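The structure under discussion appears below in the form of structure tokens.
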Amino acid sequence: METLQSLIDRSLVYQMTNEEKLNELLKADPLSFYIGFDATASSLHLGHLVPLMIASHLQRAGHKPHILIGGATALVGDPSGRSTERSLESRDTIDQWAVSLKTQMKRFLDFNDESANGALLLNNADWLNKLNYINFLRDIGKHFSVNRMLTAESVKQRLETGLSFLEFNYMLLQSYDFLHLFRDKNCILQVGGADQWGNIVAGIDLIRRKESSEVYGFTCPLVTTSTGEKMSKSQPGGAIWLDPDLTSPYQYYQFWINVDDRDAAYFMKLYTYLPVNEIAEYEKLTGADTRRTKEKLAFEATAIAHGFEEAKKAQNAAKALFSGKGNQQNVPSTEVPLSRINEGISAIDLFTETGLCPSRGEVKRLGKQGGLYIQDERVSSPEERITEDMLDNNSLLLRAGKKRYHRINFV
RNA sequence: GGCGAGGUUCCCGAGUGGUCAAAGGGGGCAGACUGUAAAUCUGUUGGCGGAUGCCUUCGGUGGUUCAAAUCCACCCCUCGCCA
């Protein structure tokens with residue numbers, strides 16, 4: 001199996017150095033590669049998924065992943081793809097983040113250190129924090145041409161709005177990471193997002209100069225939706241996180257099932273392990289049948305991120321709510337004491353307490369617009385009390401807008 | 001360091017003493033139409049147990065005033081030119 005070609009077939013490759021050689025290497029013996037993630041939050045989000053999937057594919061092909069948490073570089077902030085400087089986080093915070101990131105990555109990668117190609121999690125703070133400024137300048141800095149750095153796309157853009165010296169150094173640090181991992185772990189391949197191209201190439205150059213060795217790199221596309229949105233933090237309804245406490249598996253499933261028709265098959269290639277020939281079958285579906293593609297996509301993607309069981313639950317809940325099949329057991333729910341009905345509880349209370357609406361004002365607004373439902377009945381006056389005869393089996397199904405459901409179980 | 005421009009609600013961007021919770025656009029949300037899609041049209045878009053009311057918001061802190069996003073002082077930050 002041609003590993004590189006299969007990645008290309010899945011649209012996972014954007015740019016690469018020395019394709020021919022890289023292809024040979026990936027076909028031959030297992031190699032060590034690295035992918036960096038800057039710790040900028042306690043959870044990964046959709047924007048991190050493509051690099052993770054690539055790492056996973058490569059590991060399945062027998063190669064050894066080195067996952068680099070940018071504990072030190074996060075303190076500097078990569079100017080690539082950003083218009084403003086990142087906020088600086090404390091060392092402690094970033095260390096905590098690294099721990100939770102690893103938990104999430106375990107769904108995608110095998111971190112078993114018994115196996116030869118078990119993934120390794122590294123933190124560049126371990127070597128970058130030890131650097132001596134003067135030595136670094138002499139050993140590493142002298143290999144970098146400022147003239148050339150200024151032509152890097154990431155820097156060029158920031159020249160418009162401003163770039164501090166701190167961030168300007170990011171390229172050197174990332175290059176040093178590559179050098180370090182080459183020396184220490186024999187990493188000969190770096191993979192990153194398209195915005196990392198400049199940093200990756202800089203690292204390759206550095207290794208050639210310092211070690212007279214050829215190493216390789218490729219980038220994956222920065223995925224955008226058909227409407228031009230980045231797959232990163234800002235999605236309708238807020239960020240989609242991999243942490244189930246931030247984005248529940250149900251919400252995660254819903255995100256995928258709601259993607260634009262035009263993206264469905266494309267996302268299947270990127271975000272599932274389904275073989276491309278199977279995806280080709282789904283691509284043939286048109287019109288309303290595209291929903292079948294999205295159902296598959298949603299199920300597979302959720303299973304990867306949250307496990308088969310959670311995916312099954314999310315799927316059941318979706319079926320119960322949107323096509324009336326199956327039971328509503330797995331619909332997100334909250335328990336409320338039955339006594340509160342006698343004390344007087346209104347729709348406003350329920351909708352805010354379940355988090356379906358962030359404020360009472362929002363409930364009233366939605367009510368005015370006809371977007372509030374209890375048991376599929378439109379709620380015209382959300383201030384009115386809930387009465388016991390409205391309950392069905394001691395439970396109420398709330399709905400805000402077309403798609404957001406929540407169940408209340410009175411106990 | 002000098003000079004100039006600027007920091008406004010999720011984003012961009014108007015506003016230069018009361019009529020400002022703050023134009024307009026984007027985005028979001030809702031309704032209609034649909035297929036939990038897209039496109040389109042319409043509405044909506046700080047919070048508050050229901051309010052010609054209160055609270056929070058216009059970089060920060062103080063001040064002037066019956067009244068400040070708007071005026072004054074100091075400070076912080078960003079950009080540009082010069083050094």
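Values reported hereafter were calculated over all heavy atoms of this structure, with side chains retained and with hydrogens, waters and symmetry mates removed. Quick caveat: nothing in here was measured; it's all calculated off a predicted structure.
- Rounded to whole angstrom, the span from the CD atom of A/Q315 across to the P atom of B/U36 amounts to 16 Å.
- If you measure from atom CG of A/D376 to atom C1' of B/U36, you get 14 Å, rounded to the nearest angstrom.
- Separation of the C1' atoms belonging to B/G13 and B/U8 is 9 Å when rounded to the nearest angstrom.
- Using atom P as the reference point in both B/A68 and B/G18, the two lie 11 Å apart (nearest Å).
- Pairing for B/U34 is absent, with no Watson-Crick or G-U wobble pair whose two atom distances lie under 3.5 Å.
- Using a 4.0 Å cut-off, no side-chain N or O of A/R404 falls inside it from OP1 or OP2 of B/C29.
- For A/K368, no side-chain nitrogen or oxygen approaches OP1 or OP2 of B/U42 to under 4.0 Å.
- Across B/U56 and B/G7, the matching P atoms stand 24 Å from one another, rounded to whole Å.
- Under the Watson-Crick and G-U wobble criteria, each requiring two contacts below 3.5 Å, nucleotide B/C66 is paired to B/G18.
- Here the P atom of nucleotide B/A38 and the CG atom of A/D263 are 10 Å apart, to the nearest Å.
- In this structure, A/N258 reaches the bases: a heavy-atom distance under 4.0 Å links it to at least one base atom across the strands shown.
- At whole-Å resolution of the value, CZ in A/R292 and P in B/G35 are 16 Å apart.
- Annotation: side chain to side chain donor-acceptor pair (under 3.5 Å) contacts involving residues 361-372 of chain A, sequence neighbours excluded, comprise A/E362-A/R365.
- For the P atoms, the distance linking B/G6 with B/C72 amounts to 14 Å, nearest Å.
- Of all heavy-atom pairs between A/I67 and A/A55, the closest is CD1-CB, 4.4 Å.
- In this structure, A/K319 places its NZ atom where only 12 or fewer heavy-atom neighbours from other residues, nucleotides or ligands lie under 6.0 Å away.
- Atom-to-atom, CG of A/L297 to P of B/A37 comes out at 15 Å; the value is rounded to the nearest Å.
- Both distances falling under 3.5 Å, in either a Watson-Crick or a G-U wobble arrangement, place B/C10 opposite B/G26.
- The pair A/R292-A/E295 does not meet the salt-bridge criterion, since no charged nitrogen lies less than 4.0 angstrom from a carboxylate oxygen.
- In the set B/A30, B/A39, B/U34, B/A30 carries the atom at the smallest distance from any side-chain atom of A/Q369.
- Taking 3.5 Å as the limit, the base of B/U36 and the side chain of A/Q254 contain a donor-acceptor pair of atoms between them.
- Not one side-chain nitrogen or oxygen of A/R262 sits closer than 4.0 Å to the OP1 or OP2 atom of B/A38.
- A/L366 comes within 4.0 angstrom of sugar-phosphate atoms only, judged by non-hydrogen atoms across all strands, and of no base.
- Comparing the P positions of B/C54 and B/A39 gives an interatomic distance of 43 Å, to the nearest angstrom.
- Residue A/K402 is the one, among A/K402 and A/K294, whose nearest nucleotide of RNA chain B lies closer to the 5' end (criterion: closest heavy atom).
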Requested in this report: Given ring pair (Phe, Tyr, Trp, His ring centres under 6.0 Å), test A/F322 with A/Y405 step by step and report yes or no.
Outcome: CA-CA 10 Å; A/F322 292 99; A/Y405 286 91; 5.4 Å; yes
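- Geometric assessment of A/K296 against the ring of A/Y282 yields a negative cation-pi assignment under the 6.0 Å and 45° thresholds.
- Look at the C1' atom in both B/A23 and B/G4: the space between them is 28 Å, to the nearest Å.
- Ring geometry, A/F165 versus A/F168: the interplanar angle falls from 30° to 60°, so the pair is classed tilted.
- Residue A/R378 is in sugar-phosphate contact alone, with no base atom involved, counting any heavy-atom pair closer than 4.0 Å across all strands shown.
- If you take CZ of A/R291 and P of B/G35, they are 8 Å apart, rounded to a whole angstrom.
- For B/A73, the paired base is B/U61 (Watson-Crick or G-U wobble, both distances below 3.5 Å).
- A/S56 and A/Y273 share a donor-acceptor pair across their side chains, judged by distance under 3.5 Å alone.
- For B/G17, the O4'-C1' to base torsion is more than 90° from 0; the nucleotide is therefore anti.
- Pair assignment for B/G1 gives B/C82, based on Watson-Crick or G-U wobble hydrogen-bonding distances that are each under 3.5 Å.
- Going from atom CH2 of A/W256 over to atom C1' of B/A37 covers 16 Å, rounded to whole Å.
- The aromatic rings of A/Y252 and A/W256 stand perpendicular to each other, their planes meeting at an angle above 60°, with 30° marking the opposite boundary.
- On the P atoms, B/C71 is 14 Å away from B/A5, given to the nearest whole Å.
- Looking at heavy-atom distances under 4.0 Å, A/A318 makes contact with a base.
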Requested in this report: Do nucleotides 45-58 of chain B as a string where each nucleotide becomes B, S or -: B if the base has a protein heavy atom under 4.0 Å, S if just the sugar-phosphate does, - if no protein is that close.
Outcome: S-SSSB--------
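- Across the P atoms, B/G63 and B/G15 are found 29 Å apart, a figure rounded to whole Å.
- Using a 4.5 Å heavy-atom threshold, the side chains of A/W127 and A/L122 count as touching.
- Each of B/U36, B/G35, B/G31 was ranked by its minimum atom distance to the side chain of A/Y373; first place goes to B/G31.
- Each of A/F322 and A/L372 lies near RNA chain B, and the nucleotide nearest A/L372 is the one positioned closer to the 5' end.
- Distance A/D261 CG to B/G35 P: 12 Å, rounded to the nearest Å.
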